[in-house]
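We number each residue from 1, following the sequence as shown.
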Amino acid sequence: MLTFVKTNDSEHKDWLMREAEGLQVLHQQLAVLDNDFIKLPEAIEVNNQKLILEKINQQTPTSTQWFRFAECLAQLHHLEQPSYGFKTDNYIGRNSQKNLLSKDWGTFFFDCRLLYQVNLISDSIIKQGLFERLCKYRQLLVDFLNQNCQRSSLVHGDLWSGNVLFDQKNAWLIDTAVYYADREVDIAMTEMFGGFPKVFYQAYDATFSLSSKYNQKKLIYNLYHYLNHYNLFGSSYLGSVTSIINNIPLLIK
């Protein structure tokens with residue numbers, strides 16, 4: 001078996017351990033389904049310093065593969081989970097991702113996703129300004145998200161095109177940031193950087209229809225990723241962060 005080695009050069013000692021855990025959790029849930037199209041690379045060895053993974057023989061996907069991936073992802077999302085959040089903290093990229101198990105989706109997303117990222121901001125003036133504006137809309141956001149979440153689903157958590165690979169037969173998910181959430185956080189993330197092919201969204205919606213408030217929710221859900229990218233990569237993402245926060249009253253009316 002060909003392998004791919006990831007090494008840990010970050011300050012987070014358990015980063016690779018948590019990634020391997022996410023792969024295992026997704027593998028267990030996918031095993032419940034009557035399909036084997038979505039695959040996870042096998043973690044052959046993992047410790048604080050390195051993660052040895054099965055190597056994927058990557059190729060350009062066909063429209064049929066994108067269609068099948070969307071169907072299988074929708075089936076995964078349809079498996080209802082008992083709580084929101086996750087049992088352990090993990091990572092979104094190289095930033096920590098705060099978790100706990102909760103029955104309250106809106107409060108979990110506000111506190112453990114949005115507010116947690118704001119508190120990671122190093123510039124105290126920017127942090128304070130975003131904190132005050134975001135907290136002004138806390139109850140509106142919590143109520144809106146709770147009223148418009150159908151169920152808790154296991155999500156990949158960082159589902160952009162770079163984390164979905166294809167070989168000749170299958171789709172493969174990598175670089176997980178798993179937790180239990182409104183499944184539309186995954187679909188929202190797919191739209192951040194150019195989006196997936198149109199056939200993906202058609203197949204997903206035909207299998208598990210998106211909610212009537214999806215277009216409003218996707219901006220709120222992607223606010224988390226814009227905050228994370230601001231913390232990881234700098235000021236080019238700040239405009240998107242402030243624009244979404246300032247437009248929250250219009251999004252949830």
Is any side-chain heavy atom of [X] closer than 4.5 Å to a side-chain heavy atom of [Y]?
| X | Y | answer |
| --- | --- | --- |
| L114 | L141 | yes |
| F144 | I220 | yes |
| V241 | L223 | yes |
| D186 | Y221 | no |
| F200 | L73 | yes |
| V46 | E19 | no |
| E45 | K50 | yes |
| L173 | F69 | yes |

Backbone of [Y] reached by a side-chain donor or acceptor of [X] within 3.5 Å:
| X | Y | value |
| --- | --- | --- |
| H229 | H225 | yes |
| N170 | D36 | yes |
| T242 | L238 | yes |
| N163 | L159 | no |
| R151 | H78 | yes |
| D158 | A177 | no |
| N99 | T88 | yes |

Minimum heavy-atom separation for L100 to S102, with atom names? CD1-CB, 3.7 Å
For D123 against I126, the heavy-atom pair lying closest together: OD1-N, 3.1 Å
Report yes or no: do [X] and [Y] form a side-chain donor-acceptor pair below 3.5 Å?
| X | Y | result |
| --- | --- | --- |
| Y224 | Q97 | yes |
| N231 | Q117 | yes |
| Q128 | E132 | yes |
| N8 | N48 | no |
| D182 | Y84 | no |
| D143 | Q139 | yes |

Considering residues, nucleotides and ligands other than [X], do more than 12 of their heavy atoms fall under 6.0 Å from its [atom1]?
| X | atom1 | value |
| --- | --- | --- |
| F131 | CZ | no |
| N57 | CG | no |
| L250 | CG | yes |
| K98 | NZ | no |
| H27 | NE2 | no |
| K127 | NZ | yes |

Go through it in stages, so that I can follow the logic: the residues are L79 and L154, the test is side chain to side chain contact (heavy atoms under 4.5 Å, CB included), and I'd like the CA-CA distance, side-chain angles, deciding distance and then a yes or no. CA-CA 8 Å; L79 296 174; L154 178 64; over 6 Å; no
Quick check on the hydrophobic clustering: are [X] and [Y] connected, directly or via other members, by side-chain heavy-atom contacts under 4.5 Å?
| X | Y | answer |
| --- | --- | --- |
| I244 | L120 | no |
| Y116 | Y91 | no |
| L30 | W172 | no |
| I38 | F166 | yes |
| L134 | I125 | no |

Please evaluate residues L26 and Q29 with respect to the criterion side chain to side chain contact (heavy atoms under 4.5 Å, CB included), reporting the C-alpha separation (whole Å), side-chain torsions for both, the decisive distance (0.1 Å), and the verdict. CA-CA 5 Å; L26 272 168; Q29 284 294 291; 5.7 Å; no
Would you please classify the geometry between the [Y] ring and the [X] ring as parallel, tilted or perpendicular, with 30° and 60° separating the classes?
| X | Y | answer |
| --- | --- | --- |
| Y237 | Y226 | tilted |
| W160 | F193 | perpendicular |
| Y201 | F196 | tilted |

R68 vs Q65, side chain to side chain contact (heavy atoms under 4.5 Å, CB included): CA-CA, chis, key distance, verdict: CA-CA 5 Å; R68 185 74 178 121; Q65 285 180 303; 5.7 Å; no
Would you compute the distance between atom [atom1] of [X] and atom [atom2] of [Y] and round it to the nearest 0.5 angstrom?
| X | Y | atom1 | atom2 | value |
| --- | --- | --- | --- | --- |
| L101 | F108 | CG | CZ | 8.5 Å |
| H12 | D89 | NE2 | CG | 11.0 Å |
| Q150 | E80 | CD | CD | 10.0 Å |
| Q24 | E42 | CD | CD | 10.0 Å |
| L40 | H156 | CG | NE2 | 8.0 Å |
| L33 | L76 | CG | CG | 6.0 Å |

H77 ring center within less than 6.0 Å of F208 ring center: no
Sidechain N-carboxylate O distance under 4.0 Å for K6, D175: yes
Whether D111 and R138 form a salt bridge (side-chain N of Lys/Arg under 4.0 Å from carboxylate O of Asp/Glu) is what I want to check. yes
Cation-pi check, R18 to F86: give yes when NZ or CZ is under 6.0 Å from the six-membered ring centre and within 45° of the ring axis, no otherwise. no
Between C72 and T207, is a side chain to side chain contact (heavy atoms under 4.5 Å, CB included) present by the stated rule, with each step listed? CA-CA 9 Å; C72 294; T207 308; over 6 Å; no
